[in-house]
**Student:** 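Take this structure, written in structure tokens, and hold onto it; I'll ask about it next.
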Amino acid sequence: MTSVLKEHWNRKYSQDPITQLGWYESRSSPSIQLIEQCAVPRQSPIVDIGSGTSVLISNLLELGYDNLYAVDISDVALETAKTLLTKEQAAQVHWMVDDITNPTAVLQLQNIAVWHDRAVFHFLTEEQHRRTYHSLLQKVVMPGGFVIMATFALDGAEKCSGLPVQRYNVDGLCEFFGDGFRLVESMDYTYRMPSGDVRPYVYARFQKLQTE
């Protein structure tokens with residue numbers, strides 16, 4: 001499955017201009033807002049899952065964050081993302097090619113202060129993959145750390161990039177996170193695609209509870 005998904009996303013990032021991708025943002029405003037509200041030190045480790053060619057990394061570097069992990073299954077996407085930055089900026093980022101449904105490199109991370117996921121989690125339509133994801137959060141996010149999740153809302157699209165997705169509302173996300181995390185805030189957000197179509201999203205920020 002990993003190789004099939006990798007080929008799918010490598011092909012997608014190879015064929016379409018960045019600014020025409022269905023999830024392109026000129027600025028990652030909702031994500032930046034939620035990350036800033038975590039109020040973590042600028043040197044804290046922040047993970048962007050499914051980073052692709054997102055401008056979020058550039059936005060965070062401009063704000064002074066300097067311990068960033070860009071993770072994606074597509075090596076093509078990450079290599080392209082590097083070209084969007086200066087050499088000095090790219091050197092500040094930890095670039096990691098990994099499959100979140102069968103992680104290896106990400107498993108080695110520790111004490112992550114902020115885990116950010118815009119539009120990756122909703123691709124996990126199998127229960128086993130969601131359990132793997134949850135276990136990963138429990139392992140790598142520090143106690144008191146934050147998880148920011150953005151998924152298609154219940155009235156959102158049923159597919160993205162030709163793949164089926166699992167849609168959520170806040171209650172559904174809370175059910176997934178369970179007792180080990182508390183909901184800090186959430187918001188509805190309507191994203192306008194480069195094509196002009198709109199996609200309803202739900203954004204939520206959770207905090208991992210301190211262990212006794």
**Student:** Nearest 0.5 Å, what's the OG1-NZ distance between Thr53 and Lys82?
**Tutor:**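 Output value for this atom pair is 14.0 Å.
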**Student:** State whether the side chain of Lys208 and the backbone N or O of Gln138 hold a donor-acceptor pair below 3.5 Å, judged by distance alone.
**Tutor:** yes
**Student:** Are side-chain N/O atoms of Ser161 and His8 paired as donor and acceptor at under 3.5 Å?
**Tutor:**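 Present: a donor and an acceptor within the cut-off.
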**Student:** Can you see which heavy atom on Ser54 is nearest to which on Ser28, and at what distance?
**Tutor:**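 Closest heavy-atom pair between Ser54 and Ser28: OG-OG, 3.8 Å.
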**Student:** Between Val55 and Leu84, is there a side-chain heavy-atom distance shorter than 4.5 Å?
**Tutor:**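 No; the side chains remain at least 4.5 Å from each other.
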**Student:** What's the spacing between Glu158 CD and Leu163 CG if we round to 0.5 Å?
**Tutor:**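 The CD atom of Glu158 sits 14.0 Å away from the CG atom of Leu163.
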**Student:** Assess, by modelled atom type and distance only, whether the side chains of Ser74 and Asp72 contain a donor and an acceptor separated by less than 3.5 Å.
**Tutor:** no
**Student:** Checking side-chain polar atoms at under 3.5 Å, does Asn102 have a donor or acceptor matched by the opposite partner on His129?
**Tutor:** no
**Student:** Show your working on side chain to side chain contact (heavy atoms under 4.5 Å, CB included) between Ile46 and Ile112 and close with a plain yes or no.
**Tutor:** CA-CA 6 Å; Ile46 297 176; Ile112 298 303; over 6 Å; no
**Student:** Under a 4.5 Å cut-off applied to non-hydrogen side-chain atoms, are Ile35 and Leu56 in contact?
**Tutor:**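 Counting from C-beta outward, Ile35 and Leu56 do come under 4.5 Å.
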**Student:** Would you say the rings of Tyr168 and Phe176 are close, in the sense that their centroids are separated by under 6.0 Å?
**Tutor:** no
**Student:** Working to the nearest 0.5 Å, report the span between CD of Gln128 and OG1 of Thr132.
**Tutor:** 5.5 Å
**Student:** Has Asp99 got a side-chain atom pairing as donor or acceptor with Thr101's backbone, closer than 3.5 angstrom?
**Tutor:**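 Checked: pair present.
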**Student:** Over all heavy atoms of both residues, which pair between Arg205 and Gln37 is shortest? Give the atoms and the distance, please.
**Tutor:**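 It is NH1-O, 3.6 Å.
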**Student:** How long is the gap from CD on Glu7 to OG on Ser3, to the nearest 0.5 Å?
**Tutor:** 5.5 Å
**Student:** Starting from Leu137, can I reach Phe146 by hopping between I/L/V/M/F/W/Y residues whose side chains sit under 4.5 Å apart?
**Tutor:** no
**Student:** So with a 6.0 Å cut-off around CD of Glu127, is the heavy-atom count from everything else above 12?
**Tutor:**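 Enclosed.
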**Student:** Less than 4.5 Å apart, any side-chain heavy atom of Pro200 and any of Phe152?
**Tutor:** no
**Student:** Hydrophobic clusters here meaning ILVMFWY residues chained together by side-chain heavy-atom distances under 4.5 Å, can you tell me if Leu209 and Val141 are in one?
**Tutor:**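 No.
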**Student:** For residues Ser51 and Leu78, report the shortest heavy-atom separation together with the two atoms involved.
**Tutor:**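 Where Ser51 meets Leu78 most closely, the heavy atoms are CB-CD2, 4.5 Å.
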**Student:** Decide yes or no for Val202 and Asn169: does some side-chain heavy atom of the first lie under 4.5 Å from some side-chain heavy atom of the second?
**Tutor:** no
**Student:** Looking only at non-hydrogen atoms, find the nearest pair between Ala204 and Leu173 and report the distance.
**Tutor:** CB-CD1, 4.0 Å
**Student:** Would you mind reporting whether Thr190 and Arg199 have side-chain heavy atoms less than 4.5 Å apart?
**Tutor:**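 No, every pair of side-chain atoms sits at 4.5 Å or beyond.
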**Student:** If two hydrophobic side chains count as joined below 4.5 Å and joins carry through other members, does Leu154 share a cluster with Val170?
**Tutor:**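 Result: no, two separate clusters.
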**Student:** Determine, using the 4.5 Å side-chain heavy-atom cutoff (strictly less than), whether Val147 and Tyr189 are members of one ILVMFWY cluster.
**Tutor:** no
**Student:** Side chain of Gln207, backbone of Gly145: donor and acceptor closer than 3.5 Å?
**Tutor:** no
**Student:** Can you see which heavy atom on Phe121 is nearest to which on Thr151, and at what distance?
**Tutor:** CD2-CG2, 4.1 Å
**Student:** Could you label the plane-to-plane angle of the Phe181 and Phe177 rings as parallel, tilted or perpendicular, counting under 30° as parallel and over 60° as perpendicular?
**Tutor:** perpendicular
**Student:** Measure the spacing between CG of Leu107 and NZ of Lys139 and express it to the nearest 0.5 Å.
**Tutor:** 5.5 Å
**Student:** Side chains of Lys6 and Asp75: does their closest heavy-atom pair fall under 4.5 Å?
**Tutor:**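 A side-chain contact exists here, since the closest heavy-atom pair is under 4.5 Å.
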**Student:** Is the backbone N or O of Arg131 less than 3.5 Å from a side-chain atom of Ser135, with the two atoms forming a donor-acceptor pair by type?
**Tutor:** yes
**Student:** Evaluate the ring planes of His122 and Tyr201, with Trp represented by its six-membered ring, and classify them as parallel (under 30°), tilted (30 to 60°) or perpendicular (over 60°).
**Tutor:** tilted
**Student:** Given the rule in the side chain to side chain contact (heavy atoms under 4.5 Å, CB included) test, do Ile57 and Asp48 qualify, once you have shown the distances and angles that lead to the verdict?
**Tutor:** CA-CA 8 Å; Ile57 294 296; Asp48 184 26; 4.2 Å; yes
**Student:** With no hydrogens and no angle check, just 3.5 Å: does a side-chain donor-acceptor pair link Tyr65 and Arg42?
**Tutor:**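 Indeed, the side chains of Tyr65 and Arg42 share at least one donor-acceptor pair under 3.5 Å.
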**Student:** Begin from the C-alpha positions of Gln33 and Tyr203 and carry the test side chain to side chain contact (heavy atoms under 4.5 Å, CB included) through to its verdict.
**Tutor:** CA-CA 11 Å; Gln33 175 185 330; Tyr203 277 74; over 6 Å; no
**Student:** Might you work through the side chain to side chain contact (heavy atoms under 4.5 Å, CB included) test for Val47 and Val114, ending with a clear yes or no?
**Tutor:** CA-CA 6 Å; Val47 170; Val114 179; over 6 Å; no
**Student:** Kindly work out whether a path of hydrophobic side-chain contacts (I/L/V/M/F/W/Y, heavy atoms less than 4.5 Å apart) joins Leu63 to Leu85.
**Tutor:** yes
**Student:** Mind checking whether Pro45 and Tyr69 have side chains closer than 4.5 Å, heavy atoms only?
**Tutor:** yes
**Student:** To the nearest 0.5 angstrom, please state how far the NE2 atom of His94 sits from the CG atom of Leu68.
**Tutor:**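 If we round to the nearest 0.5 Å, His94:NE2 and Leu68:CG are 7.5 Å apart.
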**Student:** Tell me, do Val97 and Ile73 make a side-chain contact under 4.5 Å, heavy atoms counted?
**Tutor:** no
**Student:** How about Trp115 and Tyr133: are their ring centres within less than 6.0 Å of each other?
**Tutor:** yes
**Student:** For Asn111 and Met142, indicate whether the former's side chain and the latter's backbone hold a donor-acceptor pair under 3.5 Å.
**Tutor:** no
**Student:** Less than 6.0 angstrom separating the ring centers of Phe123 and Trp9, yes or no?
**Tutor:** yes
**Student:** Determine yes or no for a side-chain-to-main-chain donor-acceptor pair under 3.5 angstrom, with Arg130 supplying the side chain and Thr125 the backbone.
**Tutor:**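 Such a contact is found between Arg130 side chain and Thr125 backbone.
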**Student:** List the atom of Ile49, the atom of Val120, and the distance in Å for their closest heavy-atom pair.
**Tutor:**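 In this case the closest contact between Ile49 and Val120 is O-CG2, 3.5 Å.
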